[in-house]
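In the text below, chain A, chain B and the rest are named by the order of the sequence lines, each starting its count at 1.
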Number of protein chains: 2
Amino acid sequence: MADPDPTPQDEAARAGWLYYVGGLTQDQVATELGVSRQRAQRLVARAMADGLVHVRLEHKISACLDLEAALAKRFDLHLARVVPALPEGMDTATATAPAAAQVLERYLAQSDPLVIAFGTGRALSAMAAEVMRTPHAQHRIVSLISNIAPDGSASFYDVIMRMADKLQLPHYPMLVPVITDTVAERALFNALRPVQAVMQLADQADVTFVGIGQINDDAPLYKDGFITRAQLDELLAAGAVGEIVGGAIDAQGRYIDTPTTRLIGSFRIPAGRDKPVIGIAAGKSKLAAMRAALTGRLINGLVTDESTARALLG
Amino acid sequence: MADPDPTPQDEAARAGWLYYVGGLTQDQVATELGVSRQRAQRLVARAMADGLVHVRLEHKISACLDLEAALAKRFDLHLARVVPALPEGMDTATATAPAAAQVLERYLAQSDPLVIAFGTGRALSAMAAEVMRTPHAQHRIVSLISNIAPDGSASFYDVIMRMADKLQLPHYPMLVPVITDTVAERALFNALRPVQAVMQLADQADVTFVGIGQINDDAPLYKDGFITRAQLDELLAAGAVGEIVGGAIDAQGRYIDTPTTRLIGSFRIPAGRDKPVIGIAAGKSKLAAMRAALTGRLINGLVTDESTARALLG
DNA sequence: CCAGAGTTTGAGCAAATGCCCAACCAGTGA
DNA sequence: TCACTGGTTGGGCATTTGCTCAAACTCTGG
């Protein structure tokens with residue numbers, strides 16, 4: 001019974017197994033593993049924190065189903081997914097994450113190799129955490145936008161790396177910084193061979209997952225230090241209400257063009273794509289941006305929550 | 001906020017969502033839903049009991065991985081899956097179920113249509129409960145053995161119906177009773193057109209899932225009233241140690257032939273099949289039967305638990 | 001309108017859980 | 001060797017959860 005050296009994660013997994021699958025109490029888990037009750041509790045908590053444990057709900061609440069149908073019809077979407085709302089002010093990313101992960105997994109399960117493109121942001125990051133193994137085909141995953149700020153620092157949400165790590169797939173990170181200092185510098189990056197390869201791959205992606213950013217005082221682009229206050233103001237003045245993988249859009253979902261937008265180094269998603277482009281976003285603050293992205297047909301699939309769905313329709 | 005008529009199951013799902021995905025306490029769930037704490041607790045419990053909530057572990061414990069490799073090598077298996085053992089005497093079916101469901105889901109995700117065959121029993125039944133809906137291709141599912149006792153009553157574990165119901169797939173139940181009264185009666189059944197269709201389908205199944213039954217005083221076949229004490233004794237006397245979809249086998253995994261076995265109305269799985277035949281079983285009492293099935297090459301895939309795996313290898 | 005069976009409800013309570021804190025332990029640098 | 005820092009351990013306690021039980025409620029048949 002005495003394993004020589006069960007790694008800490010192994011122990012956590014075992015504790016989590018006994019607790020969640022076996023339905024033992026933490027006391028029983030402790031006895032079984034020969035550790036104290038507290039340690040068992042910590043192992044179980046750790047299994048959860050490390051993302052070893054995944055919880056999903058099977059049943060679709062009819063109210064949500066109705067909203068999905070309504071969204072799909074209203075905005076002519078390939079796919080609409082609505083999850084029950086968490087109480088006001090709760091983290092919306094964790095709410096959408098399991099549903100988004102499920103959508104992604106459906107593509108991952110496809111047997112012919114796909115190119116799958118990802119944006120960044122909290123929603124995508126949460127999705128990455130929720131995705132489960134799929135030992136299948138050789139898909140390729142490509143990033144539409146880097147997470148490198150102009151000062152060279154990286155923001156947290158490195159979606160593509162987390163994803164590649166988890167799924168063991170060949171991946172193509174975006175090399176161009178989110179925003180460069182001059183147009184010339186950006187052109188320099190774009191001329192690079194590997195950058196062109198990534199852009200080309202992004203262009204032919206079989207399915208694309210993006211977050212949707214609001215452009216206002218809480219704009220992620222600004223909060224995370226990618227653009228300055230002045231640049232934010234410039235975008236606002238030009239009528240920007242939202243942003244998709246860095247591309248600022250107005251209320252009609254048209255890309256806007258200002259000195260700042262010309263410095264952005266991400267792949268620009270074309271309007272009205274045939275292939276699925278799935279937006280993952282929820283929350284009051286993102287409403288205007290989401291409406292814009294939907295009307296501009298920049299996305300043709302949506303994962304959101306109940307209250308956001310209602311607001312979009314009402 | 002006030003939905004007109006949320007079905008009871010909707011409410012349960014919503015409560016489960018808030019509790020498990022949202023991480024709220026039952027008190028908060030109660031407030032959110034506008035019900036008493038007790039009702040919230042009951043809804044959450046119900047969501048679990050109704051199988052709406054699915055919990056899975058991502059991490060593979062290295063000890064189990066080692067056992068999988070060893071099993072695959074020793075018995076030349078296509079697939080071996082070993083889950084951590086639950087403490088002595090705990091229900092083994094619930095332990096293997098999530099892993100088995102995951103294996104099945106992998107096949108379900110395949111895009112070209114498959115024929116999937118199922119046996120019966122507690123292990124398969126538990127697996128059925130754990131499977132999550134995969135909205136994909138038009139597979140067909142076929143039953144290898146009915147659950148009808150000679151007196152016309154059905155045992156609980158109606159795997160194929162549960163599965164078909166859950167996955168919305170066309171299904172082909174086995175019509176022949178598990179055991180008939182006379183050989184002539186059995187022949188009568190087998191001559192029926194639909195029966196022959198089912199048998200043929202079973203024969204060409206792309207993947208087969210079966211439980212493994214022990215033949216001893218606790219034999220499921222006997223316990224569930226399919227065979228009499230006299231018939232059990234007859235099988236034992238003929239050297240039976242186990243049974244796969246009703247077919248009694250000796251310690252070497254060869255089908256045995258007695259008056260009783262000639263009355264059995266199930267599909268007989270041939271030895272040494274190429275296509276995957278996955279056995280799902282665990283527990284001390286099943287050891288001899290499992291060893292027999294493995295050595296006789298009646299199965300070429302196995303889902304079991306840690307202690308059983310160790311015992312099989314040791 | 002009422003009696004009765006079966007179900008649902010909420011109060012109360014015991015068990016289980018999460019978390020804080022002080023004690024302890026291992027490794028490091030003086 | 002010793003003091004110190006960072007991390008781990010288990011005791012104790014507040015919160016949360018599961019469960020029992022009696023009361024209330026609903027549905028049915030007289």
(message) Is the ring pair B:Y107/B:F209 parallel, tilted or perpendicular, if the boundaries are 30 and 60 degrees?
(response)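 B:Y107 and B:F209: perpendicular rings.
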
(message) Looking at B:E105 and B:R56, is there a salt bridge between them, counting it only when a charged N and a carboxylate O are closer than 4.0 Å?
(response)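 Salt bridge flag = yes for B:E105 with B:R56.
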
(request) Give a yes or no on whether a salt bridge exists between A:E11 and A:R39, defined as a side-chain N under 4.0 angstrom from a carboxylate O. (result)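 The answer is yes: the pair qualifies as a salt bridge.
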
(message) Assess, by modelled atom type and distance only, whether the side chains of A:S62 and B:D10 contain a donor and an acceptor separated by less than 3.5 Å.
(response)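 Side-chain D/A pair, A:S62 to B:D10: present.
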
(message) Please report the interatomic distance CH2(B:W17) to CG(A:L57), rounded to the nearest 0.5 Å.
(response)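 Spacing of CH2 (B:W17) from CG (A:L57) equals 7.0 Å.
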
Can you measure [X] atom [atom1] to [N] atom [atom2] for me and round it to whole angstrom units?
X	N	atom1	atom2	result
B:Q26	D:dG18	CD	C1'	8 Å
B:L24	C:dT17	CG	P	19 Å
B:Y19	D:dT15	OH	C1'	12 Å

(request) Specify the residues of residues 31-51 of chain A, ordered by number, for which at least one heavy atom lies under 4.0 angstrom from an atom of DNA chain C. (result)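 Those residues are A:R37, A:Q41, A:R42.
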
(request) Tell me whether the OP1 or OP2 atom of C:dA16 has a side-chain N or O from A:Q28 closer than 4.0 Å. (result)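 For A:Q28, the contact criterion (side-chain N or O under 4.0 Å from OP1 or OP2 of C:dA16) is not met.
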
(request) Please list, chain by chain and in numerical order, all residues satisfying side-chain contact (heavy atoms from CB on, under 4.5 Å) with A:A123, sequence neighbours excluded. (result)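 side-chain contact (heavy atoms from CB on, under 4.5 Å) list for A:A123, sorted by chain: A:I280.
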
(request) Using five base pairs at each end, measure the axis-to-axis angle across the helix from C:dC1-D:dG30 to C:dA30-D:dT1 and round it to 10 degrees. (result)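 Overall, the helix from C:dC1-D:dG30 to C:dA30-D:dT1 bends by 20° from one end axis to the other.
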
(message) Using modelled atom types and a 3.5 Å cut-off, is there a donor and acceptor pairing between side-chain atoms of A:D224 and backbone atoms of A:F226?
(response)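 Absent.
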
(message) Set out, in order, the CA-CA distance, both residues' side-chain angles and the distance that settles side chain to side chain contact (heavy atoms under 4.5 Å, CB included) for A:L221 and A:V178, then state yes or no.
(response) CA-CA 9 Å; A:L221 268 186; A:V178 173; 4.3 Å; yes

